[in-house]
Structures are given as C-alpha cells and as structure tokens.
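Structure first, commentary second.
Just so it is clear, the values below take in all heavy atoms, side chains as well, and ignore hydrogens, waters and symmetry mates.
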Amino acid sequence: QVQLVESGRGLVQAGGSLRLSCAASGRTFSDYAMGWFRQAPGKEREFVGAINRGGGLKFYADAVKGRFTISRDNAKNTVYLQMNSLKPEDTADYYCAATSTARFYTTPKSGDIYNYWGQGTQVTVSS
C-alpha cells in the first residue's frame, strides 16, 4: 500500500550531525503514522522515534531523546530524522516504517504495529 525509500546515509564523526529522509509513495501519506528504527550488527532492531499522522505527537527512545528530532512534511510525503550530537553507539542501519493502525497511539514504539518498511540506510559514527 505504501513504498518507503530512505536517504541520507553517511559517515560522520562523533558529535556531528546527519539528517535522514524517508520518501513515501502509494497510499495517502497523511494517513500513516511514521516511525524510525535502527539495527546495529549483532543486536535486535530498536525503536528510535515516531510521529503521528499530523505531526503533532512525537515519541523518542531514551537513548536519543534530546539529540534526535523526528518531523514530517506531508506536502512532500516525507518524514525526517535529524540526528545531532551523534555517538558511536548510534552506528546502525536505520529504517523508516509506516502504519495506519490506531494501535500507534497506545504502542507507538513497537515494531509489530508497523506494516510497511523501507530498505534501510547505513549510518556510521566514528570516534
């Protein structure tokens, strides 16, 4: 129903910044809440941030709170993840995901509620 393509991969030094984008196509973008997840080698996929359909409600993992900002531009069918003060432990493949389920409002951090996923983009933070 929706296709997601991430961009913004890169290598950045610790303390630096990087902005990821996720462009959506298919169904009406504004019908979907969006999430960002990441997976480091040898680790399980973990929640990073999420934003509701209108953009007024946001959630963040404790590990990134205060450093990362999620936003969306429904006119551009795009969700963003601005990453500041990056740390080596932020190194991972980052994925955007979409969901239209109302369960977003009770369990927005659960990967199980997201039914559409992008292909991922690599972020490497060096020390």
Side-chain angles (χ1 to χ4, degrees):
Q1 291 185 317
V2 62
Q3 295 77 46
L4 306 173
V5 180
E6 299 97 335
S7 62
R9 70 184 69 183
L11 173 65
V12 62
Q13 290 185 320
S17 299
L18 192 66
R19 190 185 195 189
L20 304 182
S21 299
C22 175
S25 62
R27 300 293 190 187
T28 303
F29 179 68
S30 60
D31 287 344
Y32 294 86
M34 303 294 297
W36 283 99
F37 293 77
R38 66 187 183 186
Q39 186 169 23
K43 295 185 177 181
E44 295 184 353
R45 184 179 62 196
E46 65 176 350
F47 170 80
V48 176
I51 187 168
N52 74 328
R53 291 173 293 176
L57 183 63
K58 301 176 182 180
F59 304 89
Y60 297 99
D62 290 342
V64 306
K65 187 176 181 180
R67 299 188 299 118
F68 290 13
T69 302
I70 190 170
S71 62
R72 67 189 296 160
D73 187 340
N74 286 346
K76 296 182 179 293
N77 289 358
T78 302
V79 64
Y80 305 94
L81 183 68
Q82 178 66 48
M83 304 184 292
N84 299 325
S85 301
L86 283 162
K87 304 175 181 179
E89 51 263 44
D90 295 320
T91 295
D93 290 328
Y94 283 72
Y95 300 85
C96 67
T99 181
S100 61
T101 180
R103 289 193 294 154
F104 172 84
Y105 295 96
T106 55
T107 56
K109 302 179 181 181
S110 174
D112 292 338
I113 71 167
Y114 296 89
N115 45 353
Y116 301 101
W117 295 82
Q119 81 288 346
T121 187
Q122 175 70 51
V123 173
T124 301
V125 184
S126 64
S127 60

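A side chain to side chain contact (heavy atoms under 4.5 Å, CB included) with F29 is found for one member of V2, L4, T78, N77 and no other, namely N77.
Closest approach of V79 and S71 over heavy atoms only: CG2-O, 3.1 Å. The two residues A92 and R38 make their nearest non-hydrogen contact at CB-CB, 3.8 Å. Between F104 and A50 the shortest heavy-atom distance is CE1-CB, 3.7 Å. Nearest heavy atoms, K43 versus Q39: O-NE2, 3.1 Å. When all heavy atoms are compared, the tightest approach of A14 to S127 is CB-CA, 4.4 Å.
Atom-to-atom distance recorded for Y80:OH and C96:SG is 12.0 Å, nearest 0.5 angstrom. Note: T99 OG1 to W117 CH2 = 10.0 Å, rounded to the nearest 0.5 Å. Here the SG atom belonging to C22 is positioned 13.0 Å from the OH atom belonging to Y95, to the nearest 0.5 angstrom. One distance of note links NZ of K58 with CG of N52; it measures 9.5 Å at 0.5 Å rounding. Atoms CG and OH, on L20 and Y94 in that order, are 7.5 Å from each other to the nearest 0.5 Å.
Hydrophobic clustering (ILVMFWY, side-chain heavy atoms < 4.5 Å, transitive): L18 and I70 are in one cluster. Under a hydrophobic-cluster definition in which Ile, Leu, Val, Met, Phe, Trp and Tyr are linked whenever side-chain heavy atoms come within less than 4.5 Å, directly or via other members, I113 and L57 are assigned to the same cluster. In the hydrophobic cluster analysis, where Ile, Leu, Val, Met, Phe, Trp and Tyr join through side-chain heavy atoms closer than 4.5 angstrom, Y114 is grouped apart from V64. In the hydrophobic clustering of this structure, M34 groups with V48; members are Ile, Leu, Val, Met, Phe, Trp, Tyr whose side-chain heavy atoms approach within less than 4.5 Å, directly or through other members. There is a path of hydrophobic side-chain contacts, each under 4.5 Å, that joins L86 to Y60.
For the pair T124 (side chain) and L11 (backbone), a donor-acceptor distance under 3.5 Å is absent. When atom types are taken as modelled, the side chain of T91 and the backbone of V125 share a donor-acceptor pair closer than 3.5 angstrom. Distance alone, capped at 3.5 Å, is enough to place a donor-acceptor pair between the E6 side chain and the Q119 backbone.
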*Please report the C-alpha distance between N84 and Q82 in whole Å, then the side-chain angles of each, then the deciding distance to 0.1 Å, and finally whether the side chain to side chain contact (heavy atoms under 4.5 Å, CB included) criterion is met.*
CA-CA 7 Å; N84 299 325; Q82 178 66 48; 3.0 Å; yes
*Kindly indicate, with the supporting measurements, whether the criterion side chain to side chain contact (heavy atoms under 4.5 Å, CB included) is fulfilled by R53 and S30.*
CA-CA 5 Å; R53 291 173 293 176; S30 60; 5.7 Å; no
_Candidate pair F68 and W36, rule side chain to side chain contact (heavy atoms under 4.5 Å, CB included), full reasoning_ = CA-CA 11 Å; F68 290 13; W36 283 99; over 6 Å; no
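A salt bridge (Lys or Arg N to Asp or Glu O under 4.0 Å) check over residues 61-77, counting only residues at least two apart or in different chains, returns the pairs R67-D90.
No close placement of the F47 and F59 rings is indicated, their centers lying 6.0 Å or farther apart.
More than 12 heavy atoms of other residues, nucleotides or ligands lie within 6.0 Å of CD in E89, so this atom counts as buried by the packing criterion.
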